[in-house]
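Below, chain A is the first sequence line, B the second, and so on; all start at residue 1. Quick note: numbers below take in every heavy atom, side chains included, and nothing from hydrogens, waters or symmetry partners.
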Amino acid sequence: MHDNAPQHEYDAFAKALLDWFAAARRPLPWREHYTPYGVWISEIMLQQTQMERGVDYYLRWMERFPDVASVATAPEADLLKAWEGLGYYRRVRNLQAAARVIMEQHDGIFPDLPDAIRALPGIGPYTAGAIASIAFNHDVIAVDGNVERVFSRVFDIDTPVREKTAATRIRMLTARTLPKGRARDFNQALMELGALVCRKKPDCTACPVARFCESLHLGIPHERPVPGRRQPIVPLDVVSGVLVHEGRIFVQRRPDTGVWAGFWEFPGGRIEPGETPEEAIIREFREETDFAVRPTDKLAVIRHGYTTYRVVLHCYLLHIDASSRSAPPEHPVITAATDHRWATLADIDALTLPAGHRKLADLLAADLRFAGL
DNA sequence: GATACGTGGAA
DNA sequence: TTTCCAAGTAT
């Protein structure tokens with residue numbers, strides 16, 4: 001298709017897409033009946049998150065927090081725990097902030113006007129459009145990564161879709177294609193097509209709108225969308241220490257800003273150039289707690305990534321080094337945290353940990369050496 | 001516009 | 001194993 005195609009061409013595209021969606025739509029829990037609260041939670045949860053992972057979290061969340069009021073009044077730690085493992089934890093805090101705005105400024109009723117939805121914390125242009133259309137069937141677009149991919153192929157857009165010219169064009173094309181009164185199904189159909197058919201490796205033989213697709217006609221759908229500049233991945237070697245003293249494990253709470261804000265963790269940090277992991281963990285504990293520690297065992301090497309880092313996490317079992325001056329166990333000198341605890345494994349299970357540290361905690365729980373803890 | 005912000009699945 | 005990236009937002 002071309003931008004200057006006649007309107008009936010756009011309409012035919014929309015009809016083919018809607019007919020396909022009616023048959024191919026996946027039965028997802030938030031599609032059983034469209035409630036504003038359910039659509040909101042699902043949309044926030046699925047931001048930059050794969051569908052399969054989202055479903056389990058969604059069902060547990062709805063069980064635990066069935067409405068806006070329950071989110072507004074819940075302890076933040078409970079919300080965070082329910083979100084543990086999903087990533088982008090700022091979403092949780094924004095969720096609660098938005099819930100409180102809805103309770104206080106909208107009488108507890110989820111707003112239906114696009115501008116009012118957009119004004120809520122954590123809701124940007126995509127999510128505002130998604131809620132306004134999917135929950136309320138308002139005639140507004142919802143352009144996410146799927147829609148950008150689909151349209152970059154259908155209209156053979158040869159510049160990166162995130163750059164302004166292409167982004168503006170895609171939104172104009174989406175608005176022109178959207179059939180009045182059908183935004184709920186149309187927006188979901190476009191995303192569903194991107195998720196099931198027009199994927200990174202497109203399955204054009206199964207595509208209901210193949211006859212409209214310019215890049216397919218040119219034989220280059222796999223060359224669309226044109227990738228933008230990507231951030232380099234930074235490899236990082238990190239140490240983490242499980243300090244055991246009198247049957248308890250030392251954990252600390254991260255600051256309220258930055259990555260994993262407010263999360264609990266085993267102390268540690270980056271291995272500096274020229275440093276062994278053992279030297280690094282001793283230094284980190286001295287810096288962060290003023291404890292003198294002695295590594296007694298290497299527990300694991302855990303690989304995980306976060307945002308633009310690829311981390312190798314070297315994990316050590318530690319004890320207080322009686323031969324060195326150390327802060328007393330009950331009075332660490334906390335410099336990198338807002339709180340600390342001498343915890344049992346059951347305590348740790350109930351805290352919220354970053355994924356890498358949660359893996360370490362799970363290893364401890366399965367290790368007979370820690371059976372009494 | 002660039003960057004911070006997580007995680008695990010897929011290839 | 002490494003790389004890419006999935007229903008983005010805030011700053």
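Listed nucleotides: C/dG8, C/dC4, B/dT7. Nearest to the side chain of A/Asp144: C/dG8. Looking at the side chain of A/Thr127, the nearest of the listed nucleotides B/dC5, C/dG8, C/dC4 is C/dG8. Comparing C/dA10, C/dC5, B/dT3 by their closest approach to the side chain of A/Arg230 singles out C/dC5.
Among the atoms of the strands shown, none is found under 4.0 Å from any heavy atom of A/Ile44. Residue-level contact check: A/Leu28 touches the bases, meaning some heavy atom is under 4.0 Å from a base atom. If you check every strand for non-hydrogen atoms under 4.0 Å, A/Arg303 touches nothing.
Both A/Thr257 and A/Lys164 lie near DNA chain B, and the one whose nearest nucleotide falls closer to the 5' end is A/Lys164. Summary of the strand contacts: A/Glu43 and A/Asn94 both lie near DNA chain C, and taking for each the nucleotide with the nearest heavy atom, the more 5' one is attributed to A/Glu43. Two residues, A/Leu353 and A/Gln231, neighbour DNA chain B, and the one matched to the more 5' nucleotide by heavy-atom proximity is A/Gln231.
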Would you tabulate the nitrogen or oxygen pairs shorter than 3.5 Å linking the protein to nucleotides 8-11 of chain B?
{"from": "B/dG9", "atom 1": "O4'", "to": "A/Gln50", "atom 2": "OE1", "distance (Å)": "2.9"}

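A chain of hydrophobic side-chain contacts below 4.5 Å, direct or via other Ile, Leu, Val, Met, Phe, Trp or Tyr residues, connects A/Val259 to A/Leu351. No path of Ile, Leu, Val, Met, Phe, Trp and Tyr side chains, each step under 4.5 Å between heavy atoms, connects A/Leu218 with A/Leu216, placing them in separate hydrophobic clusters.
In terms of phosphate contacts, A/Arg91 brings no side-chain nitrogen or oxygen within less than 4.0 Å of OP1 or OP2 of C/dT9. In terms of phosphate contacts, A/Trp260 brings a side-chain nitrogen or oxygen within less than 4.0 Å of OP1 or OP2 of B/dT7. Distances shown here put every side-chain N or O of A/Tyr306 at or beyond 4.0 Å from the OP1 or OP2 atom of B/dA4. Using a 4.0 Å cut-off, some side-chain N or O of A/Arg310 falls inside it from OP1 or OP2 of C/dT3. Not one side-chain nitrogen or oxygen of A/Arg358 sits closer than 4.0 Å to the OP1 or OP2 atom of B/dT7.
Hydrophobic clustering, defined by side-chain heavy atoms of Ile, Leu, Val, Met, Phe, Trp and Tyr closer than 4.5 Å, groups A/Ile334 together with A/Val239, A/Leu243, A/Phe250, A/Ile271, A/Ile281, A/Ile282, A/Phe285, A/Phe291, A/Val293, A/Tyr316, A/Leu318, A/Ile320, A/Trp342.
If you take OH of A/Tyr309 and C1' of B/dC5, they are 11 Å apart, rounded to a whole angstrom. The nearest whole Å value for the distance from the CD atom in A/Gln48 to the C1' atom in C/dC4 is 12 Å.
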